[in-house]
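Below is one structure, written out as structure tokens; the observations come after it.
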Amino acid sequence: MPPTGTKSKAVSSDGAVANIRVRPKKVPGRQGGLKAILNMPMDVIAEILSQCHPRELLTLARTTKWFRSLLMRRNSAYLWREALRTVQGLPPCPPELAEPAWVALAFSPYCTNCGEGRTPTVCWAFLARYCKGCRSQLFTNRHTAWSNLPQDKVMPYRSLPKTVFLWTKLPGSSATCYTMSQLVEVVDAWIEFKSSGPGEASRDQFIAERSERVKQRLAFTSLCEAWARVQDLARDSELADIKQERFEEILSRLRALGWGPELDFIKDKGYVPLADHQIVKVPRSLTDQAWNNVYDKLIGCMQDVRVDLANHSVEKLKVNFPIRWKIMERALRQLSLREHTEYQRKYGLVAADIALTKEYRDILGAPAGKTVTEATFLALGEQADSIVKDWLFRTREQLREVLLKEIEPPQNIDPLELATTVFVCGSCPPGFQFHFFPDICRAVCQRSSKAFSRGDTYEDLVVGHCGPLPFRVSGCLRACHPTTRMREVIQFCGKNPDAVTAKEMDELDVRLVRDDIIMTWRCAMMEGLQDPHALNTWRLATFEETLKSQEHERRILAKGGQWYCMRCEPSPYLETLHDVEDHFRIKHGTSCPALGTGDIEVEPWPHSAYVGGIFLFNMKPVSSSQRRC
């Protein structure tokens with residue numbers, strides 16, 4: 001049996017030459033499957049190649065020297081032309097390129113300039129592909145192109161109309177770009193043309209010829225781009241089909257393993273979270289080897305679905321949830337203390353927020369066979385304070401996460417407490433989009449069902465239940481970075497904008513005046529976000545002006561605010577001043593006390609323009625004809 005491998009010579013340090021046997025490199029897969037093609041008659045080979053796609057011919061030409069020599073012959077051009085005719089919609093090969101180069105441009109991802117970088121996008125106008133590195137070297141922005149030309153070519157360049165230059169828009173940019181080589185070529189041709197001393201008519205002919213070339217190339221580019229878009233759509237559709245086949249194969253195998261009930265449970269949600277798993281969305285067929293590789297992760301995902309199915313049976317929850325909700329509300333009224341009322345007034349705490357805590361969720365979402373009574377909820381009485389505090393902690397953490405994307409807070413100060421902390425909601429109408437903390441917790445925009453659109457079954461029931469919605473930061477909320485004007489407002493009041501808290505600013509109880517407009521410091525901060533008025537026109541309000549402003553603010557709140565009796569525990573909510581008067585006459589046997597005595601308090605509605613103490617009014621008297629209703 002002849003020895004395997006090939007012989008090679010090795011030279012030692014003393015000059016001796018020895019023959020050694022080198023084993024051939026092992027390559028996976030079957031080898032030599034096409035070796036017989038070399039012994040076939042040429043007409044048979046030509047017939048085989050005539051059935052190939054242009055991409056396949058290009059790949060063959062890059063495999064061996066023999067194939068390259070065969071396919072790159074001039075008399076083999078008909079093979080490329082025949083293959084190109086099979087590509088539907090592809091524009092004909094331009095005269096500037098040979099057929100193999102045209103195929104490489106359309107189907108090969110490699111950079112035309114360096115041959116190494118890869119790019120999915122073709123610069124059809126210049127009949128080339130350019131990788132990111134080559135684009136930065138070869139292209140120049142249309143508006144700054146003159147700065148990259150030699151000094152002696154700038155004036156000739158500027159004397160030419162832009163219609164004589166071929167242009168394109170590079171990937172990821174909307175700017176019009178030229179290639180430097182084209183600029184130099186056109187400008188040199190123009191300089192040479194002018195040196196021959198032609199007349200004005202010849203100059204117009206030069207511009208017309210060049211412009212016509214550009215026009216024809218751009219028309220050709222439009223055809224190519226249209227074909228490329230069709231190819232991209234076809235490729236996207238092909239990948240989508242492969243993903244769908246893979247997904248259906250995964251479903252079939254999981255059902256065979258006994259996961260049918262879990263799959264039926266998530267079917268109405270589009271098989272989420274299984275369908276969203278990265279290993280499911282891979283555009284590759286699911287082979288036995290691939291299944292073995294992803295098996296553990298898929299089973300882990302389905303185990304989570306099984307737990308969700310066991311704890312939150314949809315039909316049983318729909319039957320039991322409304323009944324248990326009413327029981328919970330009765331129990332909450334018995335558990336509610338003055339501290340909890342403060343949470344309700346300050347942070348907008350409602351029953352839906354309590355229902356989403358773990359302790360109450362375990363009761364409301366308990367299996368149907370478990371009896372739930374008021375005593376079941378009242379048993380949480382000792383934990384009531386910690387449950388509410390945990391809810392507030394999670395709420396503040398959500399807001400801090402939004403805030404810390406914009407600012408770097410000072411040490412030892414909660415960033416939510418800073419006077420410069422302002423949130424803006426993109427879903428709120430103009431004039432209502434800015435929110436201070438903690439008023440943002442009560443804002444209707446942050447208690448929207450949209451924030452729970454991908455929630456689980458239990459959350460869907462809580463959100464869909466009649467009543468105020470629970471708090472959850474929406475995707476439209478972001479924090480405002482303190483502007484220079486906002487910082488100047490704080491400094492104008494004699495405080496450090498990097499450290500002063502909103503509570504400290506409230507304790508100052510100052511009012512600021514701009515022209516005839518008097519406003520609270522919070523309103524001045526809003527002005528700092530929207531209004532460019534310089535602070536040199538501002539001043540602090542006098543004592544009399546402040547009293548007048550406070551009286552105006554009280555009148556506004558009295559007309560449309562939320563009233564609370566502070567003598568009662570918990571403090572009941574009273575809708576109007578008339579309700580307050582009736583409450584004190586009937587419940588306490590007295591007349592209605594004045595604001596500021598500590599017996600009653602009034603706050604603006606969460607969705608009003610005055611929430612958070614944002615007040616301003618014109619001190620200048622207004623005629624009756626100018627007053628607004």
Side-chain angles (χ1 to χ4, degrees), residues 72 91-229:
M72 293 304 172
C93 177
E96 296 92 332
L97 296 179
E99 284 79 4
W102 177 237
V103 172
L105 177 64
F107 299 104
S108 176
Y110 291 100
C111 175
T112 307
N113 186 58
C114 66
E116 297 179 357
R118 297 170 66 94
T119 176
T121 307
V122 182
C123 291
W124 296 104
F126 295 97
L127 300 178
R129 288 178 185 260
Y130 297 109
C131 62
K132 186 176 180 179
C134 291
R135 288 198 298 266
S136 62
Q137 297 176 11
L138 301 177
F139 282 85
T140 181
N141 190 293
R142 172 180 178 177
H143 300 292
T144 58
W146 62 271
S147 62
N148 297 319
L149 289 170
Q151 191 64 32
D152 60 332
K153 299 182 188 298
V154 173
M155 291 304 296
Y157 163 74
R158 289 184 166 177
S159 66
L160 288 169
K162 298 300 182 288
T163 56
V164 302
F165 298 104
L166 190 60
W167 57 272
T168 190
K169 290 184 178 180
L170 298 178
S173 173
S174 60
T176 302
C177 298
Y178 300 144
T179 60
M180 286 304 301
S181 59
Q182 182 219 188
L183 282 182
V184 173
E185 186 272 327
V186 174
V187 172
D188 285 345
W190 174 237
I191 293 173
E192 182 180 354
F193 181 81
K194 288 200 304 181
S195 64
S196 62
E200 186 66 24
S202 298
R203 174 186 180 277
D204 294 341
Q205 183 181 357
F206 175 87
I207 294 174
E209 290 178 354
R210 288 284 179 168
S211 299
E212 182 62 25
R213 291 186 200 175
V214 171
K215 183 178 179 181
Q216 292 177 1
R217 177 59 62 83
L218 292 179
F220 181 75
T221 297
S222 298
L223 296 176
C224 294
E225 290 175 345
W227 173 81
R229 285 192 294 270

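Along the sequence shown, residues carry numbers from 1.
- Here the CZ atom belonging to Phe193 is positioned 10.5 Å from the CZ atom belonging to Arg210, to the nearest 0.5 angstrom.
- Residues that satisfy the side-chain hydrogen bond (donor to acceptor under 3.5 Å, both in side chains) test with Trp102, not counting sequence neighbours, are absent from this structure.
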Donor-acceptor pairs are to be reported for all side-chain atoms of residues 145-157 against protein atoms at under 3.5 Å, with residues two or more places apart or in another chain.
residue : atom : partner : partner atom : Å
Ser147  : OG   : Thr144  : O            : 2.6
Asn148  : ND2  : Thr140  : OG1          : 2.6
Lys153  : NZ   : Asp188  : OD1          : 2.4

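- The distance from atom CH2 of Trp190 to atom NZ of Lys194, rounded to the nearest 0.5 Å, is 6.0 Å.
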Is there a side chain to side chain contact (heavy atoms under 4.5 Å, CB included) between Phe139 and Thr168? Walk through the geometry before answering. CA-CA 10 Å; Phe139 282 85; Thr168 190; 3.7 Å; yes
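- One distance of note links CD of Gln137 with SG of Cys114; it measures 9.0 Å at 0.5 Å rounding.
- Among all heavy-atom pairs drawn from Phe220 and Pro94, the shortest one is CZ-CD, 4.0 Å.
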Trace of the side chain to side chain contact (heavy atoms under 4.5 Å, CB included) decision for Thr221 with Trp167: CA-CA 11 Å; Thr221 297; Trp167 57 272; over 6 Å; no
Please list, one pair per line, the donor and acceptor atoms closer than 3.5 Å that link side chains of residues 123-134 to other protein atoms, with sequence neighbours excluded.
residue : atom : partner : partner atom : Å
Arg129  : NE   : Leu105  : O            : 2.9
Arg129  : NE   : Ser108  : O            : 2.7
Arg129  : NH1  : Thr119  : O            : 3.0
Arg129  : NH2  : Leu105  : O            : 3.2
Arg129  : NH2  : Ala106  : O            : 3.3

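- For Glu96, the side-chain hydrogen bond (donor to acceptor under 3.5 Å, both in side chains) partners two or more places apart in sequence, or in a different chain, are Arg217.
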Please output the side-chain donor-acceptor pairs of residues 175-182 that fall under 3.5 Å, not counting sequence neighbours, one pair per line with the distance.
residue : atom : partner : partner atom : Å
Tyr178  : OH   : Arg142  : NE           : 3.4
Thr179  : OG1  : Gln182  : N            : 3.3
Gln182  : OE1  : Leu166  : N            : 2.3
Gln182  : NE2  : Leu166  : O            : 2.9

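- Other residues, nucleotides and ligands contribute at most 12 non-hydrogen atoms within 6.0 Å of the NZ atom of Lys169.
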Under 3.5 Å, side-chain donor or acceptor atoms of residues 222-229 against the rest of the protein: list the pairs with distances, not counting sequence neighbours.
residue : atom : partner : partner atom : Å
Ser222  : OG   : Leu218  : O            : 3.1
Trp227  : NE1  : Gln88   : O            : 3.3

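- From Glu212, atom CD reaches atom CD of Gln205 across 12.5 Å, with rounding to the nearest 0.5 Å.
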